[in-house]
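For the numbers below, each heavy atom of this structure counts, side chains included, while hydrogens, waters and symmetry mates do not. Just so you know, these numbers come straight off a predicted model, no measurement behind them.
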Amino acid sequence: MLLQGNSGFKMKQLPFMGVICSVTLYIVYRTTNYQYYETQMETKLHPFDSVEDNELPSGKLKDLPRGIMHTRSDLELRPQWRKSLRSAVKVKTNKNLLAMPVGIKQKEHVDDVVKKFRTENFTIVLFHYDGKVDGWWDLDWCDKAIHIVAHNQTKWWFAKRFLHPDIVSTYDYIFLWDEDLGVEHFNPGRYLEIVKSEGLEISQPALDPNSTEIHHRITIRSRMKKFHRRVYELRGKTRCSNISEGPPCSGFVEGMAPVFSRAAWRCAWHLIQNDLVHGWGMDMKLGYCAQGDRTKNVGVIDREYIVHKGIQTLGGTGELTKKTKKKRGTSSGSSGLDPRAEIRRQSTWELKIFKERWNQAVIQDKDWIDPFPRQQRRRKHKRQSKFVDLYD
């Protein structure tokens with residue numbers, strides 16, 4: 001009788017245990033499914049946080065559990081302590097970045113530029129090439145900026161070493177500007193609205209026609225346009241016609257004030273040569289980083305424009321260039337060795353080396369196909385009609 005009683009009790013438990021197992025399996029299923037959904041959403045919202053196997057360099061990071069690895073960083077300042085140890089620190093991450101090489105002699109100009117960008121919640125990075133950081137602390141925004149110091153180094157030297165794509169991957173756009181730019185007619189927010197609406201991956205603000213040191217016609221502002229992608233020019237050494245599809249007629253911005261999307265900067269950073277610090281020749285190749293057709297994805301914004309002041313900075317005196325002084329009817333009154341002449345000589349040599357490296361790379365990489373092959377010009381296209389509008 002006792003044996004039969006125990007057996008009956010166990011038989012009664014089976015349906016109950018079945019229900020418990022079913023409920024447990026359902027809960028596990030829903031939890032797993034929810035976690036998978038959350039992971040997918042997190043990956044879409046923060047694609048740079050995820051770690052793929054092919055991102056791990058030669059398996060060297062396989063000693064770490066995947067969940068502990070963070071694949072990106074930023075340049076946001078963070079407090080050393082919290083008001084409450086239990087409270088989380090909320091750090092506002094800015095969406096865009098401005099990086100500039102600066103010297104104390106151009107402090108006033110830099111202040112004007114930074115104030116414009118601060119109102120649009122930009123992260124500011126200043127590359128101090130003269131080492132004089134202490135002279136900036138009286139500016140109210142100075143302690144909110146990132147300051148990097150290296151004596152007598154160029155913008156491209158700084159960018160190659162401190163703006164690695166993985167470090168700036170949280171920013172949608174990277175402004176890599178010179179310091180001698182006037183921004184009276186420039187608004188960063190409105191500028192980016194145009195860039196986004198037109199799908200530009202690489203851009204620059206147009207230059208006021210009264211600016212000095214204008215090297216390429218395509219960078220000059222057109223008063224009647226919001227932006228332009230190409231220029232027509234039938235005079236001078238470089239002629240741009242309706243069959244001109246490459247720099248400096250189209251798909252071109254100058255190295256003075258380029259603006260890159262996140263994807264374009266990842267490409268452009270790799271184009272910067274570690275030992276060629278002046279960057280000459282790069283502007284002619286930046287179109288290869290335009291994430292597609294450079295004649296469509298590269299442009300000059302006319303509605304938001306800047307003034308190039310033509311001031312000697314790195315390697316100079318912090319004064320107007322000789323060309324600018326001649327234009328304004330002033331004299332330099334200086335004699336002796338001109339550091340700028342030495343820099344130009346070095347830059348010219350670097351340009352030669354850059355061209356040689358590019359050509360050699362094209363020859364060696366048998367799998368690379370040039371997306372912008374030079375088209376043969378036919379004789380029937382040699383006669384060009386005159387254009388009323390120089391911009392398109």
Side-chain angles (χ1 to χ4, degrees), residues 73-81 91-164 167-168 170-171 173-189 191 204-205 211-213 255-260 265 277-279 306-321 324 339-340 343:
S73 183
D74 56 46
L75 293 170
E76 303 305 305
L77 298 175
R78 298 177 184 272
Q80 296 186 38
W81 63 84
V91 178
K92 182 179 180 181
T93 301
N94 296 323
K95 300 294 291 182
N96 305 296
L97 174 72
L98 169 68
M100 300 175 64
V102 299
I104 195 64
K105 292 182 179 180
Q106 308 309 324
K107 179 179 176 180
E108 182 178 350
H109 296 145
V110 174
D111 185 34
D112 292 339
V113 174
V114 172
K115 285 180 178 177
K116 286 266 186 173
F117 282 81
R118 284 285 298 172
T119 58
E120 299 293 336
N121 295 321
F122 272 68
T123 295
I124 309 298
V125 179
L126 300 184
F127 302 132
H128 296 269
Y129 57 77
D130 61 356
K132 299 179 180 179
V133 183
D134 290 342
W136 296 80
W137 295 115
D138 60 317
L139 302 177
D140 57 1
W141 50 262
C142 187
D143 60 343
K144 306 297 191 303
I146 306 295
H147 301 268
I148 301 174
V149 183
H151 284 269
N152 294 325
Q153 299 305 309
T154 68
K155 175 171 71 174
W156 301 108
W157 183 94
F158 280 108
K160 185 66 173 179
R161 286 151 181 83
F162 299 104
L163 298 182
H164 188 279
I167 299 298
V168 299
T170 60
Y171 305 107
Y173 292 93
I174 293 92
F175 288 62
L176 190 57
W177 281 20
D178 289 352
E179 61 181 327
D180 60 336
L181 304 175
V183 291
E184 181 181 354
H185 307 287
F186 180 82
N187 180 280
Y191 178 92
Q204 76 161 82
S211 298
T212 57
E213 303 296 322
M256 179 193 312
V259 178
F260 303 91
W265 176 247
V277 298
H278 293 289
I306 58 177
V307 178
H308 184 208
K309 297 180 179 295
I311 300 174
Q312 290 184 357
T313 53
L314 180 62
T317 61
E319 299 175 352
L320 299 176
T321 62
T324 306
R340 298 299 299 180
I343 289 178

Measuring from L75:CG to L163:CG, what's the distance to the nearest 0.5 Å? 7.0 Å
Please check: side-chain N/O of D130 versus main-chain N/O of I104, any donor-acceptor pairing under 3.5 Å? yes
Check: N96 side chain, Y173 main-chain N or O, donor-acceptor pair, under 3.5 Å: yes
Has the side chain of E179 got a donor or acceptor atom that lies under 3.5 Å from a matching backbone atom of G103? yes
Counting C-beta onward and ignoring hydrogens, is there a side-chain heavy-atom pair between I311 and Q106 closer than 4.5 Å? yes
Does L139 form a side-chain contact (heavy atoms from CB on, under 4.5 Å) with V110? I'd like the steps, not just the answer. CA-CA 11 Å; L139 302 177; V110 174; over 6 Å; no
For the residue pair F117 and T123, establish whether any side-chain heavy-atom pair is separated by less than 4.5 Å. no
Test item: D178 side-chain N/O and D180 main-chain N/O as donor-acceptor pair under 3.5 Å: no
Please determine whether ring pair (Phe, Tyr, Trp, His ring centres under 6.0 Å) holds for the pair F175 and Y191, giving the CA-CA distance in whole Å, both sets of side-chain angles, and the decisive distance to 0.1 Å. CA-CA 11 Å; F175 288 62; Y191 178 92; 5.8 Å; yes
Under the side chain to side chain contact (heavy atoms under 4.5 Å, CB included) test, residues paired with H147 that sit two or more places apart: L126, H128, V133, W137, C142, A145
Check this for me, if you would: do K107 and D138 make a salt bridge, where the nitrogen-to-carboxylate-oxygen distance has to be below 4.0 angstrom? yes
Is it true that W136 and D111 share a donor-acceptor pair across their side chains at a distance under 3.5 Å? no
Side chain proximity check, V102 to H109, heavy atoms < 4.5 angstrom: no
Donor-acceptor under 3.5 Å (K144 side chain, R118 main chain): no
Are the side chain of W157 and the backbone N or O of A150 linked by a donor-acceptor pair below 3.5 Å? no
